[in-house]
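Read the structure below first, then the notes.
Residue numbers start from 1 in every chain, and the chains themselves are labelled A, B, ... in the order their sequence lines are given, proteins ahead of strands. Heavy atoms only: backbone and side chains are in, while hydrogens, waters and symmetry mates are out.
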2 protein chains.
Amino acid sequence: MSQPSAPRKTPGRPARISRQDIIETGRRIVTEEGVDRLTMRRLAKDIGSTPMALYHHVRDKEELLVLLLDDYAARTMRRPELPADPRERVVVAAAAIHGALADCPWIVEVLTADDLMSTSALWFVEQIVDGLVECGLTPEQAVHGYRAIWYYTAGEIVIRTAAARRRAADERPTYREQVFGELDPDEYPRLAQVADRWAPLTSQDTFLVQLRALVDGLLIPR
Amino acid sequence: MSQPSAPRKTPGRPARISRQDIIETGRRIVTEEGVDRLTMRRLAKDIGSTPMALYHHVRDKEELLVLLLDDYAARTMRRPELPADPRERVVVAAAAIHGALADCPWIVEVLTADDLMSTSALWFVEQIVDGLVECGLTPEQAVHGYRAIWYYTAGEIVIRTAAARRRAADERPTYREQVFGELDPDEYPRLAQVADRWAPLTSQDTFLVQLRALVDGLLIPR
DNA sequence: ACCTGAACACCGTTCAAGT
DNA sequence: ACCTGAACACCGTTCAAGT
């Protein structure tokens with residue numbers, strides 16, 4: 001990451017707050033109260049300073065969020081033992097990324113703001129691309145394969161997080177429930193057939209089996 | 001959709017603005033200036049009314065956005081000719097959903113707010129689930145398969161839209177470019193190998209071939 | 001029933017000035 | 001160099017009142 005406030009050699013006034021203070025206080029607010037409560041004003045208040053002081057250490061709020069994501073990843077993404085089989089290695093590395101994101105729902109705000117998660121996740125990306133190459137893909141195909149896995153993973157997190165947030169906030173029946181209640185079985189026979197099982201089915205966590213399907217599909221020679 | 005302002009039978013003051021006015025004005029603002037510019041205040045001003053008048057016709061801003069998505073889908077999602085082969089049918093239906101979303105980047109705001117796109121997209125979901133069943137999946141597997149396709153599709157849109165927004169707004173080199181510039185080839189040999197091709201590779205549109213891979217993977221008997 | 005005006009409780013960020 | 005105070009230009013939404 002860029003370091004606009006890397007420790008200068010003495011001249012000028014000593015800093016009262018540091019990037020590290022900002023990150024730590026930001027992390028506390030986000031984990032305890034959610035990313036919606038993280039505002040520059042609130043952060044400044046908690047840190048005992050003014051909103052504008054923050055702008056001396058971070059460019060803007062988006063940079064702050066990326067910093068917090070980096071901090072989160074560095075703090076939690078421990079490298080797991082990976083299986084020798086390259087296909088399994090791809091699956092386990094992708095599942096590890098997914099697991100880290102799933103424990104950190106506020107991440108969605110930043111996901112949509114940057115395409116590569118964090119330097120701390122780079123090792124996992126390496127494992128995925130390398131595993132795909134070892135399975136016989138060209139490096140180019142492997143990059144595209146990684147991208148498909150990343151889209152699937154990010155999409156799962158974004159959609160599931162949104163669904164959970166809605167459930168938490170809402171009393172009213174979801175749009176989905178309304179739609180499935182009034183489904184015309186002549187026009188939508190298959191959906192009508194599964195209508196009453198839709199909610200339990202889609203709340204099942206099948207991330208891993210579908211991830212395997214995707215990886216298997218990517219590895220079919222073509 | 002719920003219709004809190006369905007036409008009442010005469011009593012009371014005649015409405016000066018209608019749900020339809022709100023949707024049309026909202027659509028104009030969003031398509032001409034982007035979803036960020038759509039505020040209740042701005043919409044009220046354009047419609048020649050006050051912010052609070054809007055709250056008589058929509059519950060809140062989120063409902064307004066869902067209404068706009070519905071309107072967009074009903075207006076643009078024409079049912080295409082579908083191939084007879086069920087596997088191809090799944091691919092074409094999913095690609096049609098993707099194409100509609102890709103032409104409408106502001107959708108991301110609403111995607112994260114509701115899990116099922118719109119009643120207008122229901123026919124496409126039916127085709128996907130039905131195609132998967134015809135290929136031999138159980139209805140339950142087909143629903144999970146649809147979900148995986150939806151995650152992949154939504155993830156692609158979310159990430160690509162975010163990347164485009166960043167490119168449009170930013171001069172500074174992306175985080176990604178910085179990371180790939182300083183990549184340690186000993187620690188990340190595979191990424192170092194593709195580092196200089198990463199940007200062109202990941203800007204290629206491979207949605208369709210990866211979608212096929214996913215569908216093929218979902219259809220492998222297991 | 002439908003709409004208005006004023007207010008509440010906020011935002012991110014810029015600017016000019018202070019130490 | 002680092003921080004402050006005041007201000008700019010906004011938000012979504014509630015409330016009480018008007019017609």
Residue pair Arg16(B), Ser49(B): steps toward the side-chain hydrogen bond (donor to acceptor under 3.5 Å, both in side chains) verdict: CA-CA 9 Å; Arg16(B) 255 203 271 284; Ser49(B) 184; over 6 Å; no
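- One atom, CG of Leu64(B), and another, P of dC11(D), lie 14 Å apart when rounded to the nearest Å.
- Atom CZ in Arg37(B) sits about 12 Å away from atom C1' in dC10(D), given to the nearest Å.
- For Arg19(B) and Glu63(B), the salt-bridge test passes: some basic side-chain N is under 4.0 Å from an acidic carboxylate O.
- When the P atom of dC2(D) is taken as reference, atom CG of Asp21(A) falls 14 Å away, rounded to whole Å.
- In this structure the side chain of Leu64(B) reaches within 4.5 angstrom of the side chain of Leu38(B), judged on heavy atoms.
- Taking atom CD of Glu63(B) as the reference point, atom P of dT13(D) lies 11 Å away to the nearest angstrom.
- The side chain of His57(B) contributes an N or O atom lying less than 4.0 Å from OP1 or OP2 of dC3(C).
- Across residues 39-52 of chain A, Arg41(A), Ser49(A), Thr50(A), Met52(A) each have a non-hydrogen atom less than 4.0 Å from an atom of DNA chain D (numbered order).
- Rounded to whole Å, atom C1' of dA17(D) lies 12 Å from atom NE2 of His56(B).
- Considering only heavy atoms from C-beta on, Trp150(A) comes within 4.5 Å of Ile159(B) through its side chain.
- If you measure from atom CG of Leu54(A) to atom P of dA1(D), you get 19 Å, rounded to the nearest angstrom.
- Consecutive Watson-Crick or G-U pairs involving DNA chain C, each under 3.5 Å on both distances, make up stems of three or more pairs at C:4-8 with D:12-16, C:12-16 with D:4-8.
- Tyr72(B) places no side-chain N or O within donor-acceptor distance of the main-chain N or O of Arg27(B), the cut-off being under 3.5 Å.
- Atom name C1', nucleotides dA16(C) and dC3(D): the rounded distance is 13 Å, in whole Å.
- We find that CG of Asp60(B) is positioned 5 Å from P of dT13(D), with the value rounded to whole Å.
- Looking at Glu156(A), its side chain never comes within 3.5 Å of a backbone N or O of Tyr151(B) through a donor-acceptor pair.
- A salt bridge links Glu187(B) and Arg79(A); the closest N-O separation between the charged side-chain nitrogens and carboxylate oxygens is under 4.0 Å.
- The closest side-chain heavy-atom distance from Leu67(B) to Val58(B) is below 4.5 Å.
- Residues Val158(B) and Leu111(A) form no side-chain contact, since every pair of their non-hydrogen atoms from C-beta on lies 4.5 Å or further apart.
- Following rounding to the nearest Å, Glu62(B) (CD) and dG12(D) (P) show an atom-to-atom distance of 13 Å.
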